[in-house]
Amino acid sequence: MPYKIDRIMEIANRYDVPVIEDAAEGFGSRYKWQVLGTFGRYGALSFNGNKMITTSGRGMLICSDKESWREIMMYATQYRESYPYYQHEKIGYNYRMSNICAGIGRGQMTVADSHIAHHQHVQKLYEELLKDVIGIKVHFQPTTGEYDSNYWLCTMTLDPNVKVRGQEDAYKTVVTGAVGGSEGVIHVADSAMTDCQPNANVEAMRVALDRAGIEARPVWKPMHKQPVYKDSSAYVNGVSESILRLECAYPQALT
Ligand SMILES: *Cc1c(COP(=O)(O)O)cnc(C)c1O
């Protein structure tokens with residue numbers, strides 16, 4: 001979903017802050033007709049298997065001048081200087097895309113528009129089918145005309161007062177199957193709950209949808225709530241936690 005990019009750029013430019021756009025899932029979304037990933041000094045796209053188009057993995061970095069491109073490619077190609085032997089003046093990485101992956105990507109480009117159209121179609125279905133359901137709020141793009149979302153992801157919130165059948169049993173057992181893209185490589189969790197998680201009715205809804213063959217999952221847990229960053233400082237106001245709980249932030253939906 002595009003954001004108010006011109007506001008961000010205006011502030012960033014005023015204070016000389018370089019903007020790196022994480023447009024990983026934003027491939028094909030536009031703001032005022034300009035594609036995401038092309039607003040900041042650099043933009044990043046993901047071609048992971050779950051994205052709008054895929055090269056099986058990896059992605060793309062977008063930059064606007066030859067100078068940066070040269071330096072980026074140096075870093076992505078082990079920072080090898082032009083000698084007949086390996087000569088490194090800086091630490092480089094092995095980050096370039098293989099020609100096989102790039103070939104897959106070129107093929108994927110031919111279906112990009114239809115993939116985007118399909119995601120937008122699915123979003124419309126959710127908007128239409130859930131419009132009269134009290135307590136569920138499907139997020140949609142502002143209708144002001146500047147925003148053109150690829151709807152890679154359809155999101156919704158659930159009012160905490162809405163009771164979902166089975167929610168008394170939510171989080172009673174630890175998840176044992178594969179989670180998302182982890183392909184079965186998981187630790188067995190110590191407990192079924194953590195100190196920051198979606199509300200019980202949201203979890204019950206996820207389980208019910210799963211039984212109906214519809215994959216759904218909570219949005220991302222905030223970084224400052226990840227145990228690995230528990231000793232890091234965080235500047236927060238509670239909004240990101242409430243988004244993870246997937247609470248309905250629009251009480252008027254209950255009226
Ligand atoms: C998918 C995604 C990533 C990670 O991309 P990978 O190619 O899987 O590393 C990062 N940021 C956002 C916003 C994403 O959607």
Side-chain angles (χ1 to χ4, degrees), residues 1-5 7-9 12 17-31 34-63 72-73 75-77 92-109 111-112 115-120 122-123 126 138-142 147-157 178-186 196 198 206 215-226 228-229 232 234 236 239-244 246:
M1 180 67 70
Y3 51 98
K4 288 182 178 152
I5 304 177
R7 277 296 284 148
I8 301 271
M9 292 311 297
V17 176
V19 171
I20 302 174
E21 253 181 283
D22 179 357
E25 65 199 45
F27 176 85
S29 286
R30 291 168 186 265
Y31 180 71
Q34 188 175 334
V35 290
L36 301 196
T38 61
F39 289 88
R41 189 173 302 178
Y42 303 106
L45 299 176
S46 168
F47 299 141
N48 191 36
N50 62 344
K51 301 296 160 127
M52 198 55 92
I53 60 168
T54 182
T55 57
S56 82
R58 305 218 168 198
M60 189 177 274
L61 194 98
I62 299 167
C63 64
I72 289 163
M73 290 312 288
Y75 278 108
T77 319
Y93 305 88
N94 195 359
Y95 280 178
R96 67 201 178 286
M97 184 182 282
S98 78
N99 49 3
I100 294 175
C101 291
I104 295 170
R106 292 188 56 157
Q108 284 274 290
M109 283 300 286
V111 292
H115 285 199
I116 294 167
H118 178 69
H119 279 248
Q120 291 171 333
V122 169
Q123 167 74 18
Y126 280 126
V138 178
H139 296 132
F140 56 89
Q141 68 188 17
Y147 300 85
D148 184 18
S149 176
N150 64 6
Y151 283 114
W152 176 74
L153 186 73
C154 309
T155 60
M156 56 193 79
T157 49
V179 180
S182 62
E183 283 152 15
V185 187
I186 54 162
C196 180
R206 183 193 69 78
E215 185 190 9
R217 59 168 91 169
V219 291
W220 288 266
K221 185 161 181 167
M223 284 296 181
H224 68 281
K225 285 299 192 180
Q226 296 295 347
V228 70
Y229 293 127
S232 306
V236 297
V239 169
S240 58
E241 291 93 331
S242 83
I243 290 173
L244 176 70
L246 286 177

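Everything quoted here is computed from the prediction, not taken from an experiment. Read the numbers this way: they start at 1 and go in the same order the structure lists the ligands and their atoms.
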*Tyr147 and Tyr31: CA distance, side-chain angles, deciding distance, ring pair (Phe, Tyr, Trp, His ring centres under 6.0 Å) verdict*: CA-CA 5 Å; Tyr147 300 85; Tyr31 180 71; 5.3 Å; yes

*Partners passing side-chain contact (heavy atoms from CB on, under 4.5 Å) against Asn99 (at least two apart in sequence or in another chain)*: none

*Who are the residue neighbours of ligand 1 when the rule is a heavy atom under 4.0 Å from any of its atoms?*
Asp22, Ala24, Glu25, Ser46, Asn48, Lys51

*For atom OH of Tyr229, is the number of surrounding heavy atoms from other residues, nucleotides or ligands below 6.0 Å larger than 12?*
no

_Using a 3.5 Å distance criterion without hydrogens, assess whether the side chain of His115 forms a donor-acceptor pair with backbone atoms of Met52._
yes

*Polar side-chain atom of His119 near backbone of Asn150 as donor-acceptor pair, under 3.5 Å*: no

*Side-chain (Lys221) to main-chain (Leu244) donor-acceptor, under 3.5 angstrom*: no

